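See below for the structure under consideration.
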Amino acid sequence: MTTNAQGTGRRAVKAVIPAAGLATRFLPATKAVPKELLPVVDRPVLQYIVEEAAAAGITDVLLVTGRGKTSMVDHFDRRPDVEQRLADKGDTARLEAVRRTSELADIYTVRQGEPLGLGHAVGTAASHVGPDNAFAVLLGDEFVEESRPLLPQMLDLQAETGGIVLALMEVDPSETSRYGIASVEKSDKEDIVRITGLVEKPKPEESPSNLAVLGRYVLPGKIFETIADTKPGAGGEIQLTDAMATLLAEGTPVHGIVYRGHRYDTGMPLGYLQAVVQLAVQRPDLGDEFRAWLTDFVGGQKG
């Protein structure tokens, strides 16, 4: 089957955030607190991601949740008691910050009964998104720097070309077994490539490139039917990469944007700690003092 590469001209306005994982790397911290709500300075990881979507014009966000994760929804709800307390104290800065969380986007949820893979998680969004609407997928443990957004360009490109648009980044060839990897052809636009193949977590010696798929996707609604027909793959899970590879083989256009900004990966403890430090030193209210303390601390450890 061949699919017309012509886009609709309409940008996607819905996003899906898979966030049902168990986060075993962060236990026991995540026994009662979802990993997505761990704070990066004074905002949880999930808020950075929803803010990224809202800044790109996404007005509808579906959280794919699991058992024990209802607090993620609570974070984006109103808290009149807290707001009143802050108003009484005249703390307008914190009052605005608290109110803003409930004004970013319309938040919806669906439960993923079992953690059967990213493809399965995305598939649970079928009835919310619909078969004819493109939508964004933003993984719940990574985000990009605010001053160098990626999602707006992805949404624009998908509206123009149709099909699938992926975010890519260059990784060290020795690390390809950690990612979905794309084989590509150059296009006439800088940092935009045509993707000719996708493989999940290849060994370095078998990898077609060093371009890894980031946790940002813009997908056509027909992906849901393909996911439903996709058999378990790597790790015994239903892989989104396998479903996308099927659409590619059937003629769906797949493009990638190579991201040159910084990606914050909070999915592992080291990456989470790095994100906290990197964003803390950039804060105008904390940066100078924290950087000075950090320099003295690191210097003392070396001594």
Side-chain angles (χ1 to χ4, degrees), residues 18 21-27 30 35-36 38 40 45 48-49 52 115 117-119 121-122 137-145 148-151 153-154 164-187 190-218 230 232-246 248-249 254-279 281 294 298 301-302:
L22 299 176
T24 54
R25 293 186 182 94
F26 285 87
L27 287 171
T30 51
K35 176 185 68 174
E36 294 81 7
L38 294 178
V40 179
V45 173
Y48 283 92
I49 297 167
E52 181 183 337
L118 178 58
V122 172
V137 174
L138 298 85
L139 297 194
D141 56 11
E142 61 182 81
F143 55 96
V144 301
E145 55 185 306
R148 300 187 69 176
L150 171 63
L151 195 54
Q153 187 181 4
M154 295 181 68
I164 296 170
V165 174
L166 306 179
L168 304 173
M169 69 173 183
E170 294 180 335
V171 299
D172 189 283
S174 65
E175 297 183 342
T176 57
S177 60
R178 294 176 52 196
Y179 302 96
I181 300 294
S183 53
V184 304
E185 296 176 348
K186 291 183 178 180
S187 74
E190 185 177 4
D191 286 337
I192 294 179
V193 295
R194 287 185 291 271
I195 293 177
T196 59
L198 293 165
V199 59
E200 184 69 22
K201 299 179 180 178
K203 296 178 181 178
E205 63 272 18
E206 299 172 355
S207 183
S209 76
N210 71 328
L211 289 175
V213 179
L214 284 178
R216 297 292 179 271
Y217 315 76
V218 185
T230 299
E237 298 180 335
I238 298 173
Q239 298 290 348
L240 182 61
T241 300
D242 293 341
M244 294 189 298
T246 297
L248 174 63
V254 183
H255 293 84
I257 297 177
V258 182
Y259 183 60
R260 304 295 182 184
H262 186 80
R263 163 193 178 242
Y264 299 98
D265 182 2
T266 64
M268 295 185 291
L270 178 59
Y272 169 75
L273 292 172
Q274 290 170 335
V276 172
V277 172
Q278 289 166 330
L279 288 167
V281 299
L294 191 62
V298 173
Q301 292 295 303
K302 289 181 178 179

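It should be emphasised that the depicted structure is a prediction, and the values quoted were computed from it without experimental measurement. In this chain, residues are counted from 1 in sequence order.
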Report yes if some heavy atom in the side chain of [X] is under 4.5 Å from a heavy atom in the side chain of [Y]; otherwise report no.
X: Pro269; Y: Arg25; answer: yes
X: Pro149; Y: Val144; answer: no
X: Tyr48; Y: Thr266; answer: no
X: Met244; Y: Leu166; answer: yes
X: Tyr217; Y: Leu118; answer: yes
X: Val40; Y: Tyr272; answer: yes

Mind checking the [atom1]-[atom2] spacing from [X] to [Y]? Nearest 0.5 Å is all I need.
X: Glu206; Y: Lys201; atom1: CD; atom2: NZ; result: 15.5 Å
X: Ile195; Y: Ile164; atom1: CD1; atom2: CD1; result: 8.5 Å
X: Glu145; Y: Leu150; atom1: CD; atom2: CG; result: 11.0 Å
X: Arg216; Y: Leu168; atom1: CZ; atom2: CG; result: 13.5 Å
X: Met169; Y: Tyr179; atom1: CE; atom2: OH; result: 3.5 Å
X: Ile49; Y: Leu151; atom1: CD1; atom2: CG; result: 11.5 Å

inquiry  = Going by salt bridge (charged side-chain N to carboxylate O under 4.0 Å, His left out), name the residues that satisfy it together with Glu185, two or more places apart in sequence or in a different chain.
reply    = Arg194
message = Among residues at least two apart in sequence or on other chains, which ones pass salt bridge (charged side-chain N to carboxylate O under 4.0 Å, His left out) with Glu142?
response = Arg263
Checking the side chain of [X] only, and the main-chain atoms of [Y] only, is there a donor and an acceptor separated by less than 3.5 Å?
X: Thr176; Y: Pro202; value: yes
X: Tyr264; Y: Val45; value: no
X: Ser183; Y: Gly197; value: yes
X: Ser187; Y: Ile192; value: yes

remark   = On a heavy-atom basis, the closest approach of Met154 and Val218 is CB-CG2, 3.9 Å
message = For Val184 versus Thr196, what's the shortest heavy-atom pair and its separation?
response = N-OG1, 3.9 Å
ask   = Looking at Val213, Val199, Asn210, which one forms a side chain to side chain contact (heavy atoms under 4.5 Å, CB included) with Ile181?
value = Val199
